[in-house]
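Below is one structure, written out as structure tokens; the observations come after it.
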Amino acid sequence: MGSTLETSLVISAVLLLLTFLILAPLDICGECLDLGRDGKTELDYQLENSEIITSRRVGGRDAWLTSPEMLCTFLTGLSENYRIIYGSLTEVVND
């Protein structure tokens with residue numbers, strides 16, 4: 001009776017170990033796949049370059065997209081408009 005009980009416990013332990021050895025790497029690979037998908041989604045979002053500053057939720061985290069070129073162009077346009085308006089007002093007042 002004792003040997004049958006010991007045998008069943010050992011077989012159960014071996015089956016649990018085999019189950020763990022199969023399922024643990026599968027779970028790790030699944031997490032890696034999810035992280036890879038989130039990384040690709042964030043990279044695609046970063047390459048959009050559609051607005052000066054935007055944010056989007058990617059994989060439970062906030063991803064921010066900033067475009068220094070568009071910000072520089074926007075500020076240059078504001079500066080040029082200010083110079084045109086200020087120059088016109090100066091000419092009107094001086095005349």
Checklist entry - Is it true that Val10 and Leu18 fall in one hydrophobic cluster, defined by side-chain heavy atoms closer than 4.5 Å? => result yes
Checklist entry - CG/Asn81 to OG1/Thr76 distance, rounded to the nearest 0.5 angstrom? => result 11.0 Å
Checklist entry - Are Leu17 and Leu9 in one and the same hydrophobic cluster, where Ile, Leu, Val, Met, Phe, Trp and Tyr link if side-chain heavy atoms are under 4.5 Å apart? => result no
Item to check | Ile22 with Val14, same ILVMFWY side-chain cluster at under 4.5 Å | outcome: no
Checklist entry - Distance from Ile28 atom CD1 to Leu33 atom CG, nearest 0.5 Å? => result 14.0 Å
Checklist entry - About how many Å separate CG of Leu5 and OG of Ser8, when rounded to the nearest 0.5 Å? => result 5.0 Å
Next on the checklist: Please determine whether residues Ile53 and Leu71 belong to a single hydrophobic cluster, defined as Ile, Leu, Val, Met, Phe, Trp and Tyr linked transitively by side-chain heavy-atom distances below 4.5 Å.
Outcome noted: yes
Next on the checklist: Test: side-chain hydrogen bond (donor to acceptor under 3.5 Å, both in side chains). Region: residues 14-43. Which pairs qualify, not counting sequence neighbours?
Outcome noted: Lys40-Asp44
Next on the checklist: When you measure from the side chain of Ser79 to the backbone of Leu75, do you find a donor-acceptor pair of N or O atoms at a distance under 3.5 Å?
Outcome noted: no
Checklist entry - Roughly how far, to the nearest 0.5 Å, is the CG atom of Asn94 from the CG atom of Leu89? => result 10.5 Å
